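What follows is one structure encoded as structure tokens, with my remarks underneath.
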There are 2 protein chains.
Amino acid sequence: MTIQQIKYFLALAKELHFWNTAEKMFISQSSLSRQIQALEDELQIQLFERDKRNVKLTNAGKFLQERWTKTIEEFDQVIRQAKKIDEGKTGTIAITYPGSITYDFLPDFLSVLSDNLPDLKVELTEPKDEDHERLLLDYQTDLAFSRDKINNTNIDSKKLYSEPICLVVPEHHRLSKGELTDLGKEKFIISGLHRTTFFASLLRTWFAKNDLEPKTIIESDFGGMIVNLVSKGLGISILPLSFQAAGIKNVVFIELEERIDLFMNWRKNELNITVKKVIELAENSLKTSGNRRDFM
Amino acid sequence: MTIQQIKYFLALAKELHFWNTAEKMFISQSSLSRQIQALEDELQIQLFERDKRNVKLTNAGKFLQERWTKTIEEFDQVIRQAKKIDEGKTGTIAITYPGSITYDFLPDFLSVLSDNLPDLKVELTEPKDEDHERLLLDYQTDLAFSRDKINNTNIDSKKLYSEPICLVVPEHHRLSKGELTDLGKEKFIISGLHRTTFFASLLRTWFAKNDLEPKTIIESDFGGMIVNLVSKGLGISILPLSFQAAGIKNVVFIELEERIDLFMNWRKNELNITVKKVIELAENSLKTSGNRRDFM
DNA sequence: ATAACTAATGCGTTTTTTGCATTAATAGCT
DNA sequence: AGCTATTAATGCAAAAAACGCATTAGTTAT
């Protein structure tokens, strides 16, 4: 019995159609037929009721579908976890981060890592829809920078700093002097408000508080791109102050009242030696009073 | 990756010696070497540190040993469970029972089953060391007759009857008239007192209560054999009354004060149709007031 | 009646697995 | 130091398993 056979079984149990399933699993229908038959023969359990045209799960099949779906998920996770432990030998760490720290905090942080752990290999990922909690617990990342705090008994969080949210406008724009009037007329270039990121929810809150229905002409998930488009005069945006560090000309960052935090999160029961080293280093280096300026 | 590879890994992780492990797994050492290597290659994780003479687990290996040991146990159990569900179609039930009901209750019970479910296939097992709770929860049996009640939230129990414990002596023995004196001099033929069965613990209690250190000359786990040896005059014994139904001549059963119960136990969340039928039938047929004589 | 769909199977080819034999190192004994 | 036994890895040939195209046999829809 192979794990692959079990995965074929689960795919067929869902699809209940040999040709479609085979296609999705990148094998031929006849191979799938034989693998399922081999599984049934080995187990001595009939998993599917088949006729010339239809496939149905038996009770035993349904039971195994339910149980094995979970088993395979856990199995894959355990392997990822073991890989993390193994990778600890060779000095590898996976880091996820929100795009907004790309130009300011993150380069500084990676610099500190490089100085102290010269052989460290870093895998950087900017998840599109942030679910740092799941990524950490699923062993898909080791260190997650996030804009909001993760509340989970198995995850440690530390607040690194807080920065203002800014209105970003072209240099000679009527709003560049700081008088925030008639925002309703403006064209916005912002991240999608339907997104599940913390920043998107903060945006929604801000627009609601200011009684604005934003006229979004361009939606982008890349803050650097947004700042660039604003500098070209295509519209205005709202972004964390740290995007100022991108060094794009012809834009003005006007601080708003609202602030946004940055947290560092990691698993409590970390077994990967390298990850533990990085976290320890990060905790010792980031002796911050809560403001970004204190970052060493 | 195959389940067998994982089992090889777990065996080697325990043994830490390729030749010994290969022997135990009934394959050649070179095959084992290759399977482990294949597993490491597929996972991209180093599981063992090997030199020319020694094998040691890596940290990742230790982690996987711990997690997979449990995973494989559960895996095997789930398959057994699924098999039970599948067997429900063909009418199969596994029953475990203590040897003492062999001659009396069990034949009657099987007779009722046969009358009402003529196509039923029954797998009977008399476990040497009774752990009915584990056997039930591990899906290794469906219906467990036991001398004591199982207390488990996932197991239903029903008391069937109660019968006296008897002193079993040869027909013309000095004790056959019923005067129980000088038992300390007698040679006993009994089940091993070290055993984990309920009956063994009852025996130990009885001997302690009567301040006897039994001189056991023959130890047997088969009640019928014990009764036979007693009838031949080799010694005396203590057994439940139901052994009288074995119909062995030249023995006398002298009732003692102590009684012993019989319980029927089954899983609450039973999915096997046949097992559910049998249990329902048993519950309806065994309308007993607690004494054996009321068994229909 | 015809065409399309569907799961199972024949068959030849390719890939993988297996165990004997061997290699290269190491440990223990004399 | 030399020799023997032990041990994990690998060469190699044979056996077994897997693969996909082609086909079969039934079913459904037009």
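Labels below follow one simple rule: chain letters A, B, ... track the order of the sequence lines, proteins then strands, and each chain is numbered from 1. Keep in mind the model is a prediction, meaning the values are calculated, not measured.
- One interatomic measurement links the two molecules: CZ of B/Phe48 to P of D/dA9, which rounds to 10 Å at whole-angstrom precision.
- For B/Leu32 and D/dT7, the CG to C1' distance is 13 Å, given to the nearest whole Å.
- Remark on DNA chain C: of its neighbouring residues B/Ser30 and B/Lys52, the 5'-side contact belongs to B/Ser30, judged by nearest-heavy-atom nucleotide.
- In this structure, the side chain of B/Asn284 engages the main chain of B/Glu280 through a donor-acceptor pair within 3.5 Å.
- Aromatic pair A/Phe109/A/Phe145: centroids less than 6.0 angstrom apart.
- Regarding A/Asp41, its CG atom lies at a distance of 13 Å from the C1' atom of C/dA8, rounded to whole Å.
- Contacts of B/Arg53 with the nucleic acid, taken as non-hydrogen atoms under 4.0 Å apart, include base atoms.
- Salt bridge annotation for B/Arg50-B/Glu40: present, with a cationic side-chain nitrogen under 4.0 angstrom from a carboxylate oxygen.
- The distance between atom CD of B/Glu15 and atom P of D/dA8, rounded to the nearest whole Å, is 11 Å.
- Here the side chain of B/Thr21 pairs a donor or acceptor atom with the backbone of B/His17 at under 3.5 angstrom.
- At the phosphate of D/dA18, neither OP1 nor OP2 sits under 4.0 Å from any side-chain N or O atom of A/Ser31.
- Nearer the 5' end of DNA chain D, as judged by each residue's closest nucleotide, is the contact made by B/Leu12, out of A/Thr2 and B/Leu12.
- Residue A/Arg50 has a polar side-chain atom (N or O) positioned under 4.0 Å from OP1 or OP2 of C/dA8.
- Here the C1' atom of nucleotide D/dA8 and the OH atom of B/Tyr8 are 17 Å apart, to the nearest Å.
- Protein atom CH2 of A/Trp19 is 11 Å distant from nucleotide atom P of D/dA22, rounded to whole Å.
- For a distance-only test at 3.5 Å, the side chain of B/Arg34 qualifies as a donor-acceptor partner of the base of C/dG19.
- Judged by distance alone, with hydrogens and angles left aside, B/Gln37 brings no side-chain donor or acceptor close enough to the base of D/dA9 to form a pair under 3.5 Å.
- Put simply, the side chain of A/Asp142 never gets that close to the backbone of A/Ile93: no donor and acceptor are under 3.5 Å apart.
- If you measure from atom CD of B/Glu23 to atom P of D/dT6, you get 13 Å, rounded to the nearest angstrom.
- At a cut-off of 3.5 angstrom, the base of C/dC20 holds no donor-acceptor pair with the side chain of B/Ser28.
- A/Gln35 contributes no side-chain N or O that forms a donor-acceptor pair with the base of D/dA18 under 3.5 Å.
- Atom NZ of A/Lys56 is separated from atom C1' of D/dT27 by 16 Å (rounded to the nearest Å).
- Checking B/Ala38 against A/His17, the closest nucleotide of DNA chain C that is more toward the 5' end is the one next to A/His17.
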